[in-house]
Peer 1: 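The structure's right below; bear with me while I get my questions together.
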Amino acid sequence: MNIYGIRAIYKFEMARAWRTLMQSIASPVLSTSLYFIVFGTAIGSRMGEIDGISYGAFIIPGLVMLSLLSESISNASFGIFFPKFSGTIYEVLSAPVSPFEIVAGYVGAAATKSILLGLLILATARIFVDYSIVHPLWMLAFLVLTAVTFSLFGFMIGIWADDFQKLQVIPLMVITPLTFLGGAFYSINMLPEPWQTLTLFNPVVYLISGFRWAFYGVADVNVAISLGMTVVFLLICLAGISWIFRTGYRIKP
């Protein structure tokens, strides 16, 4: 394994994040802070508890997951798309690095940025809302697993996209609506039938439910199912990337 190649790609991508600090870190944290102010403090103080948890604390896992999913996809997709757009992808493809090492470098950097962002949002949430984490190790496990899974998904989007507009289609038109409808701001048990059953077809429900269980020990879906679904998503993304490199699908500009 070419550790130097992986490290070179990883360091390059991380350096790009520090150069665009306002866009990569400050902007998502500020946006999420506004959610905490509006929903957690202003509206949350006037709402009752959900499953014995104050509304402001209840929405924290959902808000973190909202940022985590969108930023993981955005970081990974732009990371691989821009070399294609600028033509520098040939330098990567001609270097003595395997497809696995290319993916490890780009996806590793994207996942690292997303994990740091998630932890920073959690630290910021403490300013506005008092919350606890019942299972901190499981919280980190779900955080890392989700960041890696959706960074892999974002990597595939970056290879599929042939212009900047396509980079935003799936995150804005698919992932964000699924997150809002996946229990980020409410418990799906509050929904009447048949909507409660239909919501279970939303894959993001399992991510948010498992992440919320790690915080408060309560979940809309059994935590084993949530973990299993997250692993399934990871395996699907790995299979998709494997197919891309086997076929050479849109690797070059």
Side-chain angles (χ1 to χ4, degrees), residues 28-29 31-73 114 117-118 121-136 138-143 145-147 149-150 153 170-233:
V29 171
S31 300
T32 308
S33 297
L34 294 176
Y35 279 112
F36 286 128
I37 294 172
V38 175
F39 290 97
T41 305
I43 297 177
S45 60
R46 299 176 181 271
M47 297 186 64
E49 295 183 343
I50 301 178
D51 294 330
I53 307 164
S54 68
Y55 185 72
F58 182 84
I59 64 174
I60 288 176
L63 288 177
V64 173
M65 195 61 66
L66 176 63
S67 296
L68 192 70
L69 300 186
S70 61
E71 290 301 316
S72 295
I73 293 174
S114 300
L117 179 62
I121 289 173
L122 283 176
T124 305
R126 183 69 69 180
I127 300 173
F128 304 100
V129 182
D130 184 30
Y131 66 91
S132 61
I133 302 178
V134 177
H135 306 287
W138 278 110
M139 186 276 290
L140 287 174
F142 272 107
L143 190 70
L145 194 57
T146 303
T149 300
F150 279 82
F153 184 50
I170 294 179
L172 292 179
M173 302 297 291
V174 179
I175 300 301
T176 298
L178 287 179
T179 306
F180 274 90
L181 297 173
F185 296 97
Y186 57 87
S187 169
I188 65 171
N189 294 325
M190 301 167 64
L191 298 174
E193 290 291 354
W195 302 112
Q196 186 175 140
T197 300
L198 290 175
T199 301
L200 295 176
F201 290 94
N202 180 353
V204 180
V205 165
Y206 302 94
L207 304 176
I208 295 176
S209 178
F211 199 51
R212 184 171 286 131
W213 172 85
F215 276 76
Y216 309 119
V218 297
D220 294 328
V221 182
N222 184 281
V223 65
I225 297 176
S226 295
L227 182 61
M229 290 295 290
T230 307
V231 173
V232 168
F233 301 153

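What you are looking at is a predicted structure, and each value in this text was computed from that prediction instead of being measured. The figures here come from the full heavy-atom set of this structure, side chains too, leaving out hydrogens, waters and symmetry mates.
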Peer 1: Taking atom OG1 of T176 and atom CD1 of I170, what is their separation to the nearest 0.5 Å?
Peer 2: 12.0 Å
Peer 1: Between W195 and T199, what is the shortest heavy-atom contact and its length?
Peer 2: O-OG1, 2.6 Å
Peer 1: Does M139 reach the side chain of L122, with side-chain heavy atoms less than 4.5 Å apart?
Peer 2: yes
Peer 1: Let me see the working for L207 and F233 under side chain to side chain contact (heavy atoms under 4.5 Å, CB included), right down to the final yes or no.
Peer 2: CA-CA 10 Å; L207 304 176; F233 301 153; 4.1 Å; yes
Peer 1: Going through the checks in order, is the side chain to side chain contact (heavy atoms under 4.5 Å, CB included) test met by F153 and L69?
Peer 2: CA-CA 10 Å; F153 184 50; L69 300 186; over 6 Å; no
Peer 1: Could you check V218 against W213 for side chain to side chain contact (heavy atoms under 4.5 Å, CB included), going step by step and ending with a plain yes or no?
Peer 2: CA-CA 5 Å; V218 297; W213 172 85; over 6 Å; no
Peer 1: What distance do R212 atom CZ and I60 atom CD1 have between them, rounded to the nearest 0.5 Å?
Peer 2: 10.0 Å
Peer 1: With a 4.5 Å limit on heavy-atom distance, are the side chains of T230 and Y206 in contact?
Peer 2: no
Peer 1: Has the side chain of Y131 got a donor or acceptor atom that lies under 3.5 Å from a matching backbone atom of F215?
Peer 2: no
Peer 1: Run D220 and S209 through side-chain hydrogen bond (donor to acceptor under 3.5 Å, both in side chains) and show every step you take.
Peer 2: CA-CA 6 Å; D220 294 328; S209 178; 5.1 Å; no
Peer 1: How many angstroms lie between atom CG of L200 and atom CE of M229, to the nearest 0.5 angstrom?
Peer 2: 10.0 Å
Peer 1: Could you tell me whether the side chain of T149 reaches within less than 4.5 Å of the side chain of T146, counting heavy atoms only?
Peer 2: no
Peer 1: Sub-3.5 Å donor-acceptor pair from the side chain of S132 to the main-chain atoms of V134, do we have one?
Peer 2: no
Peer 1: Heavy-atom distance under 4.5 Å between the side chains of F58 and F185, does that happen here?
Peer 2: no
Peer 1: Which one of L198, N202, V204, V205 satisfies the side-chain contact (heavy atoms from CB on, under 4.5 Å) criterion with L181?
Peer 2: N202
Peer 1: Roughly how far apart are M65 CE and T179 OG1, rounded to 0.5 Å?
Peer 2: 9.0 Å
Peer 1: What pair of heavy atoms forms the shortest contact from Q196 to L191, and how long is it?
Peer 2: NE2-O, 2.9 Å
Peer 1: Classify the ring geometry of F142 against W138: parallel below 30°, tilted from 30° to 60°, perpendicular beyond 60°.
Peer 2: tilted
Peer 1: For residues I133 and P136, determine if any side-chain heavy atom of one lies less than 4.5 Å from a side-chain heavy atom of the other.
Peer 2: yes
Peer 1: F211 versus L143: any side-chain heavy-atom pair under 4.5 Å?
Peer 2: yes
Peer 1: Take L68 and F150, measure what side chain to side chain contact (heavy atoms under 4.5 Å, CB included) needs, and give me the verdict at the end.
Peer 2: CA-CA 9 Å; L68 192 70; F150 279 82; over 6 Å; no
Peer 1: Which heavy atom of G182 sits nearest to which heavy atom of I208, and what is that distance?
Peer 2: O-CD1, 3.7 Å
Peer 1: Let me confirm one number: the OG1-CG distance from T124 to L63, rounded to the nearest 0.5 Å.
Peer 2: 12.0 Å
Peer 1: Once rounded to the nearest 0.5 Å, what's the spacing between atom CD1 of I225 and atom CG of N222?
Peer 2: 5.0 Å
